[in-house]
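To start, the structure itself, in structure tokens.
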Amino acid sequence: MSILSGLNPEQLKAVTLPKRSALVLAGAGSGKTRVLTTRIAWLIQTRQASPLNVLAVTFTNKAAREMLARISAMLPINTHGMWVGTFHGLCNRLLRAHYREAGLPQLFQIMDSADQLALIKRLMKGLNVDDEKYPAKQLQYFINDAKEQGLRAAQVETLDDFSCKLNELYAAYDELCQREGVVDFAELLLRSHELLSRSKPLREHYRGRFQHILVDELQDTSRLQYLWLKLLAGPDNTVFAVGDDDQSIYAFRGASATNMLSFESDFGAATVIKLEQNYRSHANILDVANALIRHNKARLGKNLWTAEGQGELLRLYRAVNDIEEAGFIVEEANALAAEGINLSDIAVLYRSNAQSRLLEHALFSAAIPYRVYGGLRFFERQEVKHALAYLRLVANPDDDGAVLRVINFPLRGIGSRSLAQLQEQALEQRCSLWQAALRRVENKVSGNDPVQRKGIEGFVALIEAMRSTCSGLALPEVIEQVIEQSGLRRHYQGQKDGADRLDNLGELTNAAATFVNENPEPSAQNLLADFLAHAALEAGEHQAGEGADALQLMTVHSAKGLEFHTVFISGLEEGLFPHEQSLVEAGGLEEERRLMYVALTRARRRLYLSFSQERMLHGQTRYGIASRFLGEIPIDLIKPVNCSLSNETSEPLVGELKPAHLDTAPAAFNIEAWSAWRVGQNVLHPKFGAGVIVNAEGRGSDARVQVNFHKAGVKWLALEYAKLTAA
DNA sequence: ACTACGAGACTTTTT
DNA sequence: GTCTCGTAGT
């Protein structure tokens, strides 16, 4: 049976496109992964390429694994030599192979975001930077943003004193990373981009090899990733990219959907193929999604359709408060389960994680099994991070971040004082903390308290003992040794909530054993570094109760790429979804709408939309207004469960938000208004001038609105007194 | 050196 | 409401 059978004409055309760069605009549920993997299989099967000539980039490890699995299912080939992975994973591979040319130590370590933030805080403390004026988070954002643009500190344009200072710190940060032999996520990409652009032989070697480059989720690529692709492709190789501009929901972390717009000209793509047939949902669901996304201006334009039936209407529920909303969802989920729908085929989606608590509570009380996605991942747990820090020290003791994490954990009497002394010494002698500690122990210098010296001496002796015991041991044994010798096991045995943590440490050993099995080749020394890289790059989907039949709880972001029989979209209120923060950002509202589009297109058969008039948020009760997105949905595709579609009855809203380009939309539906003022509305104030309403709460004489004034900033105003006029 | 308590934050997230 | 972080107290 041919690998091409069962493809629709557009899919077939995309899969069998001649050797030329191409862009495939693939809507939700249109079989984009299938097209991508079949294309690879087809290239290999028809001998246009060997597996070695193919490079495929995805966004998540999960997607990469799935792609490899599908290729192996189609072709009897060894996928081991193929380069299929995330941008970060592939760059890591490249840098490990050419660490010297890249100017990195052989065992360079990868920091995750938390490690990076800790390093930044440490850097700022060392330089005596006022963290009130320059928050560490902001510097982290600045650095990552610059790197995602492909810019080193020397290339960043600074317009004011503030960004000038940040940029100075960026330079100092890079220097510190280099000294410690650590690399952040964006650095992996930037470094390998620099490597390839600097070294002509390397560039030519890889260009000669990767004649077919395939890219998944192009709409989520950053500027730097795009440049990386361009550099690797050169003038002769083909790039086959798949993406959906309507599902671009990661602009906030540097993704730019404009890469989709410039792709055709930059890569000389002759063809753009649209995949618009959806194999997932019934027509009503797609019609709603199409109607909603039409309200966005910045689009390439595409309309999903299905050969399946019309299906049922979407159900809208108006709750009195958030507790009642959760109650409704629980009831309906129970009823669906009674009808024989698997709980794991039902998802409750929400905009922000904070909303899960109440739902969890309701589900727990009703004894419905559920699983929450997101949250702490396996390799991010503190006990695992501690063990990994010891491992990092076995690989490279100059890693200051690792030293600081475990120098006094488990407690060994090294307090802030002795630590400060050590840091000062390291700064003076321009060496790592480890070097400073070694010198201190060797020379027995400085007349500090003997107890403190003993602490540091103890630590140095411990790490040295570990390094010598571990040399020659297999990786899982190394981890066992580290957990034992460090005293982590003893420490957690003595804690009352330590059992779970001990389990996780055991799981870490298992993970290492699995890793060794899957990567049989390299030498023992590199295996440790490879495992640490694996731990940093793959935060780990490791979660308990994987296979159990449980209701799925997650944010809309984490639902991307998934599908369910039934989907609940909860908390459809102004300020929550669309989120209030998004309203003040350029393009924010359109991104929120794409997010809503993603949420809608997750459902195969049934879709519930719910909102609540009252909600506890940040410990305060807020009075919400139905999301504007509900007003962008055709009225005849919705069946209200308990509220009226009040087009006929309600008074026209004062200053109702309705952008001019919406005139063509089908009869939009009005929710009864709670306030004459709506979030997102432009207003004028006699004293503060022009602004936009970003939040509203209370009713009648208690009604207040929060307004972001262009000049005067954000203010809360009581509607009874403030003389606001619509603008 | 360690622990406890209070202030402030708090969208989304993969790598 | 709940978590993290920093400082003051033991």
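Below, all heavy atoms of this structure are taken into account, side chains as well, without hydrogens, waters or symmetry copies. Note on naming: letters A, B, ... go to the chains in the order of the sequence lines (proteins, then strands), and numbering restarts at 1 for each one.
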Would [X] and [Y] count as having a side-chain donor-acceptor pair, cut-off 3.5 Å?
X: A:R392; Y: A:N396; answer: no
X: A:Y597; Y: A:N296; answer: no
X: A:D399; Y: A:Q109; answer: no
X: A:S610; Y: A:E325; answer: yes

Would A:F252 and A:H557 count as a close aromatic pair, with their ring centres under 6.0 Å?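 Ring-ring flag for A:F252/A:H557: true, centres closer than 6.0 Å.
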When the distance from [atom1] of [X] to [atom2] of [N] is rounded to whole Å, what number comes out?
X: A:M111; N: B:dT15; atom1: CE; atom2: P; result: 17 Å
X: A:D184; N: B:dT13; atom1: CG; atom2: C1'; result: 16 Å
X: A:E538; N: B:dT13; atom1: CD; atom2: P; result: 18 Å
X: A:L617; N: B:dA9; atom1: CG; atom2: P; result: 16 Å
X: A:F379; N: B:dT15; atom1: CZ; atom2: P; result: 12 Å
X: A:R93; N: B:dT15; atom1: CZ; atom2: P; result: 17 Å

Just to be sure I understand the rule, does [X] reach a base, reach only the sugar-phosphate, or reach nothing, if contact means heavy atoms closer than 4.0 Å?
X: A:L411; value: sugar-phosphate
X: A:D220; value: nothing
X: A:D112; value: nothing

Polar pairs (N or O, both sides) under 3.5 Å between protein and nucleotides 10-12 of chain B?
residue	atom	partner	partner atom	Å
B:dT11	O4'	A:H579	NE2	3.1
B:dT11	O4	A:E585	OE2	2.8
B:dT12	OP1	A:N353	N	2.6
B:dT12	OP1	A:N353	ND2	3.3
B:dT12	O4'	A:R351	NH2	3.0
B:dT12	O2	A:R351	NH2	2.5

Distance (rounded to the nearest 0.5 Å) between A:E194 CD and A:L190 CG: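 Result: 4.0 Å between the selected atoms.
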OP1, OP2 of B:dT15 versus side-chain N and O of A:N92: anything below 4.0 Å?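 The answer is no; no side-chain N or O of A:N92 sits under 4.0 Å from OP1 or OP2.
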Does OP1 or OP2 of B:dT15 have a side-chain N or O of A:T58 closer than 4.0 Å?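 So the side-chain polar atoms of A:T58 never come under 4.0 Å of the phosphate oxygens OP1 or OP2 of B:dT15.
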Parallel, tilted or perpendicular: rings of A:F409 and A:H386 (30°, 60°):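 Parallel: the ring planes of A:H386 and A:F409 meet at under 30°.
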Take the angle between the ring planes of A:H98 and A:Y206 and call it parallel below 30°, perpendicular above 60°, tilted in between.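 A:H98 vs A:Y206 ring planes: perpendicular.
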So among A:D246, A:D244, A:D245, which one has a salt bridge (Lys or Arg N to Asp or Glu O under 4.0 Å) with A:R299?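 The single option meeting the salt bridge (Lys or Arg N to Asp or Glu O under 4.0 Å) with A:R299 is A:D246.
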DNA chain C: 5'-most and 3'-most nucleotides touching chain A, 4.0 angstrom heavy-atom criterion: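 Under 4.0 Å from chain A, the extent on DNA chain C is C:dG1 to C:dT2.
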Check whether more than 12 heavy atoms from other residues, nucleotides or ligands sit under 6.0 Å from atom CD of A:E424, and answer yes or no.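 Open: at most 12 neighbouring heavy atoms sit under 6.0 Å from CD of A:E424.
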Heavy atoms only: give me the nearest A:K385-A:D115 pair and the separation to one decimal.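 Smallest interatomic distance, heavy atoms only, reads NZ-OD1, 2.8 Å.
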Nearest-nucleotide wise, let me know which of A:N408 and A:A536 is further upstream toward the 5' end of DNA chain B.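 Whichever sits nearer the 5' end wins; that is A:N408.
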Pairing of DNA chain B as dot-bracket, 5' to 3': ( ) intra-strand, [ ] crossing, | other strand, . unpaired, with Watson-Crick or G-U pairs under 3.5 Å? ||||||||||.....
Would a 4.5 Å heavy-atom cut-off, applied to side chains only, mark A:L537 and A:T86 as touching?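 The answer is no; the side chains never approach within 4.5 Å.
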